[in-house]
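Below is one structure, written out as structure tokens; comments come after it.
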Amino acid sequence: MFGLPLLSLIIFLPVLGILILFFIPKAQTSTIRGVSVATTLVTFLLSLLILAHFNTAQPGFQLEEKLSWIPQVNINYHVGVDGLSYSMIFLTALLCFLACFASFSIKDRIKEYFIFYLMLEVGMIGTFLALDLFLFYVFWEITLVPMYFLIGIWGGSRKEYAAIKFFLYTLAGSVFMLLGILALYFNSAPHTFSIVELIAQNSLFPRLFQNIIFAALFFGFAIKVPVFPFHTWLPDAHVEAPTPASVLLAGVLLKMGGYGFFRISYPILPEAAKFFAPAIALLALIGIVYGAFVAMAQTDFKKMVAYSSVSHMGFVMLGLASLNPIGFSGAYLQMFNHGIITGAMFLLVGVLYDRAHTRDLNAFGGLREVVPVFSGMLIFFSLASLGLPGLSGFVSEFLSLLGGFKAFRLFTIISVTGIIVTAGYILFMIQRILLGPLNPKWKSLAEINTREILTLVPLLILTLALGVYPKLILDILNPGLNLILKAIGVAN
Amino acid sequence: MNVAPFIADIKYILPEIILTIAALVILIFSVLIKNKRALAYFSLASLGITLLYVSKTPVITTSLFSGMLVNDSFAAFFKIISIIIALAVILISLEYKEISPNYRGEFYCFILLATTAIMFMGAASNLLMIYLGVEFLSLISYIIAAYWRGNVKSSESGLKYFLIGTACSITMLYGISLLYGLTGSLDLEQINAILYGNTSQPAAISIIILTILIGLGFKIAMVPVHFWCPDVYEGAPTPVTAFFSVGPKIAGFAVLLRFLLTGSIFFYEHWAHLLGILAIITMVVGNLTALSQTNIKRLLAYSSIAHAGYALIGLVIGTHIGQVSLFVYLLTYTVMNLGAFAVVIAVSNKIKSDEIKDYAGLSLHSPYLAAALAVFLLSLAGIPPLAGFIGKFYIFSAAIEEGFITLAIAAVINSVIAAYYYFIVIKTMYLEKPQAKIEIKPAPSLNFALIIALILTLAIGIYPQPILDFVIHTSSIFIP
Amino acid sequence: MIPLHHYLILSALLFCIGLYGVFTRRSAIGILLSLEIMLNAANINFVAFSKFVTPDNPIGQIFVIFTIGVSAAAAVVGLAIIVAIYRNYKTIFVDEINIMKW
Amino acid sequence: MVNAAYSLALLPVVGFIVNIFFGSKLKLKGALFSIACIAGSFLCACLLLRHVIAGNSIEQSATWFTCGKYSFSAGLVIDQLTAIMLIVVTLVSLLVQIYSIGYLHGEKNSTRFFAFISLFTFSMLGLVLADNLILVYVFWELVGLCSYLLISYWYNKPSAALAGKKAFITNRIGDAGFFLGIATLFYYLGTANFREIAEKLHHGGFDPHIITIAGILLFCGAIGKSAQFPLHVWLPDAMEGPTPASALIHAATMVAAGVYLTVRSYSVFSAGNFSLQFVSYIGIITSLLAASIALVQNDIKKILAYSTISQLGLMMVALGVGGYTAGVFHLMTHAFFKALLFLCAGAVIHNTGVQDIRQMGGLFGKMKITASTCFIACLAIAGVPPFSGFWSKDEILLAAFNHNKVLYGLSSLVAFMTAFYMFRLYILTFTGKPRDPHLHPHESPKVMTWPLIILASLSAVSGLIGSPLTNHWFSHFIYFHPEHHIEVNYLVMYSSIAVGLLGIAMAWLFYKACPNIPKALAENYKPIYNLLLNKYYIDEIYDTVIVRPFLALTRFSFSFDSKIIDGSVNGTATVTIWISTIKAWIDKYIVDGLVNLTASMVGAIGIVLRRLQSGFIQNYILLIFTSVIIIVLLKLI
């Protein structure tokens, strides 16, 4: 469209929003909200515009922009989009736009809230579009500080603890990732940070070197995904974060880890990917089953959804470790679907929390009578998250398991029990909240209002559409995934 | 001994001369006229002129005064930095209430003299000149450390700084005398030539050089000689602490660099491994003790020790890439630290306390100051799009390129630990409820310095290109 | 002609005496004095080396003159600070001056 | 003709959408609308049947999605088997919906019920039409969802919510096995399409061992869905749902899905060497177990539930012994008379408000139509000629007889027990004097009785299409590969009639002639009686062996997560005695701020280092020189 650098536009549009917000006095809350909703809306429209320009069939990166940034060290501002990154920025733009509506329930320090909110969006979109490892790392770290403040200032009771825990976990991981990136830079033929060139010369790296670098990068990405032993920050961060922040945290931030594996670790270090595949599959298996088990024992609604994210992201790692086209499509699709479904679940938790001011599952009961529309929505998204066929959750879990079955038969058989336990704890949750006799305390609970319904309807449509006809998104993802598989040298 | 060549060399040290004359003029006028602000503006003007002069004159590498000083891009780099530091310090101390008005005059004079001392240290290439430069700077530092007359802490910090400082410099002197005895010359190049050939007993020579290192290490607060740092930083008036955390530290690195890389190459191969360990210990000590600090000046003191540790890595690497990363790190460190201290001064001017818990809820009432401090602290922690990250990035890449993996990993872990205590301050400012309603309006001059520091931190972070060209050009003089 | 190593031993001894003085004296002035002793030890070294190692080049002795000048300046500054300390603490015993710690 | 198939499937969806979104406003009109939709589908089903009888079948598929070189297609296939199933599903669903207008008359917003029923019908039709295993799996779980929604229809009843959850989870366990079966077949044979699987297996050259495993795994899905032995516990609890729903789902259609799956992928079972025996063993165990429990149950719906389980067991036995046609035939006839029985039970409960048959009695007088239709159904299920039950059961027994005598014996024992408990139920509810005075039953309205009459006539007549009168038209219509003609074995036919009549006589003797015999029997065989009454304590066993330890494990893993993993990472666990000496101080300064164990260790070292900073000048100088000396010593050694 008349030669506009679309990708840089979508990355830095929220920065424009922040600048505008600076000049609005703190008192005019409605204008602040208006500006931020407008910014996120325009960003979302931009992502649709990019889709218009994006030719799904052609593999490789499109709409590339390259400017030299630090010539001495051959670092350049290099952004590009392909099927994989496009689906992620679409998800980010959509969730940011919807969560912006949910942010209207924030009452104090609204101006600072939206400044951090937009800063977060810049970091997220930037991470998915960066094709230069240095740029990727910078955007990766940019998301840390705003999320720290979002959890820290507007969070729940133990917000400081959760905020600093989130920050230090991710920082520790990303710092080792930096070492890995630097080592890659110094061992590439003409020292380069560009992902495309590194992939091109991925056969040059010796095997031992690949394993070390893979371990360093793994440490950074695994904390974000989160993979089993590094997941303890997630429940705290989710429980204490305000609703819109936890929507973005679960919807997008977790995907940056997975995206890192797909975009950087696997194509650049194929031998190490094959070498570590069984270990990652085992961690995935533990993640799925263990996450589901712990979710079963929760009494806090948000903590349960947090642990369910650990379990769902376990499928992503299983699909990733399977190293075959079905597993890869399943894993990536699971990241996208999990973003939408868990985003919606957190919005619903927010709706309930704004009215009932408690998240204790046992405090509810029989709400179906009082709030039928809310319970309809909750049932729909809970079924999506337990992988009911006809909804998007099923397709990706099915493909990940199918892919996993081919590569690691025993691990997949055990992780299939995971979906049974998932059904268990989700139905147990529905039973405690919606079914059974009405808890008299909630007799006067207010029904979900139109604003909240509007935030959920797009997610509902997407979940249904992708469940019934997944070709829509798989055609976008397939060229990118096939390229990565070719880079790894797996027979497509 | 004809004097002619020396007169020719005078024009090379013109900046130092201008500043000394300006200092003397200020000293005289401080007695005569009442309006101390005029003196401040005069000193700023003189610094401005010297800065213009230095940046304009093309650098011709010659040795001056028969080897005492050397005029090269390395020295020019330190001239420029020291003048910038002096400008910043004077700007942020204009409204500083603790220094009583009638002593302001001498204060500016001392700052100018200290700048000349740093310039000399930057250019010294002879052990005598190094000793004189170090002593000159130390004396001025002892005075301005104890400058807050009535305050108990300030005089205690002055005493501590004096006693420990003199002890260390005397050890250095003793070491110089032994080295002189061994090589028969005081000129760094000659010493290096003599020692490089016949290292008969490397151990004995290394001990001598170690004693010299103690003297130099004292200035940059390296591990064994860092004990004075927290007490002096806490006691001295805050603008002085700001100066200490940046001025003498950079001068110390300048001398260390010149001494190690031209004076004793052989020493370097022999003892780089030791310096590496000292660097790691410095980082660890700096970061760990900072975790449980409650006074922000002490916290920034330990943080400056830790940053000295990171910079030491650049020194330990020693190759060209190592020096570039050292210079970049020092530059970014100067900007961030001065910015942070500017905010601390503004806050302590209003609420008269440096305890971290008094910073509670600062973001609610003076959001601009809190945001500025947060940016500086984040930059100190090395979070990207800020200058600190560029500094750390260079140090890590240099370490990895030259294969110092253990150093890199130690630095990386330390930066995570460091992030924690920087976040203690940010947490108190943003996440806690304020007791009193403190509305702080920084003085215009301090505000000006603050804005420049903020812009520089963001600019270096986002587009570090110009700074790198400047640094790489200056540090190209060393051979290895 | 007293050989070189005698001088070196003398200066080393002096250095250690000065160091001992710094550790043990309670009063700040006592410490100042012992520092001066240590300084003179270094001076002896310089003069000795200048005589024996580089007889033709008097740089060592020039160095001594400088150090004497510097030590004088240092003493002045030191005493000024000690006076300030006395005014505030009413004592110059070093072990009582430690308001600022950990 | 193909768009008839599409409209057949999509009409119920329209019914669902209309009811779910506009239900509250439409009230009765919504119900009528969904009935119209189902009626439309039933017509299409008849059209398709006529089309299939005319000899041609329809098959269409389109690519659903592709990833890499694997492409997953979704399509529909209509052959003889599908046609029969379509008729059964749409007909029973239509009748049940008509019936439930009367049944749910009192309910506040009953349109939600009709919405779920039409959603269920859509997913059941989808399941039957699907041409590959993956699509069957999709509708398989959708059907499970509808049964969950319908069981917990009365959501404010906690027992209903529990039963719904139990049903869904037990089905999910079966589905897990089903998925693994699909995965093995998908990778081993490279396709999931039924026709291609059949062709590939027909050519042979596949290791029977793997095919057996795949078969058994597929059968796990059937066990879960058709409530076979290990996973049958959910069906009796599913009676919490409204009776018409149970009639449609837990009698006629959904539970038959398991049988349909086994029939549809019969080639996999027959190719495996042990899978068919496995099917028949599970079948016979289930039917014996369920029939014996049904003997002593007192809740009318529980009896029918166990009877369904045992009849399904019989169908599995038929399939296991190679009686492909017999299984399908019994499935069809069973659908009609079991739906009828449930609807009669529904009518009885609706009018008397009580479910325990011991409180009922003498209802024949008041509810003539219900009683008579129920009598026809009992005759059919007992296997009395000329009713449908006789022909289909006879073919099963015949197939069992030809294959393996022991199975034949046990099946006829099951037939005997079925006849006995059905007539026990009939006699206790309808004949004799009313035992509970304040029950005042009355005949249910027209809208409920007409479906009963239709179903009664169907269960009477539907057997004939497989009987010799129409020279076994049904077995020519549905057969597996070699269409072998089964010769009528009169011995088996007469023995099955004898067994049926004996069962009826026994029931008449026990409960009509001298009612004290059952009490006497119950007394002196106390342990056996209690064992049967409490359903062999299977539920309790499952609870103690599986459910309770599972919940304990979840609690343990949560505490493990927050104590050990989080603890080892964030320092809440006490680390070493060395730390504890300054622990109190650390707690004060460190723990509230610090994040993890490593952090608290780091903090502790920080504390120690901080102590070094003692503030004494001489200490500092001392430390400097000692450290210098240490360095020198280190260097020298």
Side-chain angles (χ1 to χ4, degrees), chain A residues 160-161 164-165 168-169 229 231-232 235 290 293-298 307 324-326 328-330 366 368-369 376 383 388-390 394-395 398-399 401-402 405-406 412-413 416-417 419-421 423-425 427-428 430-431 434-438 469-471 474-475 477-478 481-482 485 492, chain D residues 20 24 63-70 72 123 134 137-142 144-145 148-149 152 155-158 160-162 164-165 168-169 171-173 175-177 179-180 182-184 186-187 550-551 553-562 565-566 569-570 592-596 599:
Chain A
E160 282 106 357
Y161 171 69
I164 192 65
K165 184 168 185 175
L168 281 181
Y169 261 70
H231 66 289
T232 48
Y290 177 81
F293 267 56
V294 177
M296 189 73 161
Q298 294 309 319
Y307 274 111
N324 57 44
I326 299 180
F328 262 42
S329 332
R368 190 164 185 175
E369 265 172 78
L383 293 177
L388 183 80
F394 164 74
V395 180
F398 181 80
L399 287 178
L401 285 171
L402 201 59
F405 189 82
K406 180 170 185 195
T412 317
I413 290 171
V416 162
T417 60
I419 56 172
I420 300 168
V421 180
Y425 69 76
L427 294 181
F428 191 31
I430 289 181
Q431 179 198 334
L434 299 180
L435 308 180
L438 174 62
Y469 192 56
K471 201 169 192 321
L474 276 172
D475 285 353
L477 298 179
N478 273 342
L481 290 174
N482 297 345
L485 282 166
N492 178 341
Chain D
I20 201 84
S24 46
T63 51
W64 188 15
F65 56 86
T66 57
C67 32
K69 68 178 192 307
Y70 299 92
F72 297 85
S123 17
I134 296 169
Y137 183 80
V138 167
F139 288 110
W140 192 264
E141 288 215 16
L142 266 177
L145 164 75
Y148 166 76
L149 292 173
S152 51
Y155 46 79
N156 37 32
K157 243 165 56 171
L162 258 174
K165 178 162 69 86
F168 193 86
I169 291 174
N171 283 346
R172 207 76 202 272
I173 295 171
D175 296 351
F179 166 75
L180 291 175
I182 297 176
T184 7
F186 181 75
Y187 281 116
F550 166 74
L551 290 177
L553 187 62
T554 55
R555 275 189 297 281
F556 166 72
S557 47
F558 174 53
S559 64
F560 174 79
D561 188 71
S562 52
I565 292 189
D566 217 10
V569 173
N570 83 350
D592 57 356
L594 253 298
V595 172
N596 56 25

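Chain identifiers are assigned alphabetically (A, B, ...) following the order of the sequence lines, protein sequences preceding nucleic acid strands; residue numbering begins at 1 within each chain.
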Sorted by chain and residue number, the side chain to side chain contact (heavy atoms under 4.5 Å, CB included) partners of Leu438(A) (sequence neighbours excluded) come out as Leu367(A), Glu369(A), Val370(A), Lys443(A)
On a heavy-atom basis, the closest approach of Ile420(A) and Arg172(D) is CG1-O, 4.0 Å
If one checks every heavy atom of Tyr469(A) against chain D at 4.5 Å, the contacting part turns out to be both
Heavy-atom nearest pair, Ala297(A) first then Phe558(D), reads CB-CB, 3.8 Å
Answer key: most heavy-atom pairs under 4.5 Å with chain A among Ile134(D), Thr63(D), Asp175(D), Val138(D) is Val138(D)
Here the gap from Lys165(D) atom NZ to Leu435(A) atom CG, rounded to the nearest 0.5 Å, amounts to 10.5 Å
Whatever's closer than 4.5 Å to a heavy atom in chain D on Leu383(A) counts as side chain
So, the part of Ile20(D) with a heavy atom under 4.5 Å from chain A: the answer is neither
Next on the checklist: Do Phe293(A) and Leu553(D) have side chains that approach each other closer than 4.5 Å (heavy atoms only, starting at C-beta)?
Outcome noted: yes
Counting heavy-atom pairs under 4.5 angstrom with chain A, the leader among Trp64(D), Tyr187(D), Phe65(D), Phe550(D) is Tyr187(D)
Ranked by heavy-atom pairs below 4.5 Å to chain D, first place among Gln431(A), Met296(A), Lys406(A) goes to Lys406(A)
Any chance you could lay out the side-chain contact (heavy atoms from CB on, under 4.5 Å) test for Leu388(A) and Leu142(D), step after step, and finish with the verdict? CA-CA 7 Å; Leu388(A) 183 80; Leu142(D) 266 177; 4.1 Å; yes
Looking only at heavy atoms, the pair that brings Ile169(D) and Gly424(A) closest together is CD1-CA, 3.6 Å
Checking Leu402(A), Ile419(A), Ile413(A) against Phe179(D) for side-chain contact (heavy atoms from CB on, under 4.5 Å), the one that qualifies is Leu402(A)
I would like to know whether Phe72(D) and Val395(A) meet side-chain contact (heavy atoms from CB on, under 4.5 Å); could you show each step before the answer?
-> CA-CA 11 Å; Phe72(D) 297 85; Val395(A) 180; over 6 Å; no
Taken to the nearest 0.5 Å, the spacing of Ile182(D) CD1 from Leu401(A) CG works out to 11.5 Å
Side-chain heavy-atom pair Ser557(D), Tyr290(A) within 4.5 angstrom cut-off | yes
Whatever's closer than 4.5 Å to a heavy atom in chain D on Tyr307(A) counts as side chain
For Thr184(D), the side chain to side chain contact (heavy atoms under 4.5 Å, CB included) test, sequence neighbours excluded, returns Phe405(A), Arg409(A), Ala214(D), Leu217(D)
Discussion item. Walk me through whether Tyr148(D) and Leu427(A) qualify under side-chain contact (heavy atoms from CB on, under 4.5 Å).
Written reply: CA-CA 10 Å; Tyr148(D) 166 76; Leu427(A) 294 181; 3.8 Å; yes
Residue from Phe394(A), Tyr425(A), Phe328(A) scoring the most non-hydrogen pairs under 4.5 Å with chain D is Phe394(A)
Problem - Criterion side-chain contact (heavy atoms from CB on, under 4.5 Å) on Phe186(D) and Ile326(A), from CA distance to verdict - result: CA-CA 12 Å; Phe186(D) 181 75; Ile326(A) 299 180; 3.8 Å; yes
Per-residue tally against chain D (heavy atom, under 4.5 Å) across Ala295(A), Pro470(A), Gly366(A) peaks at Pro470(A)
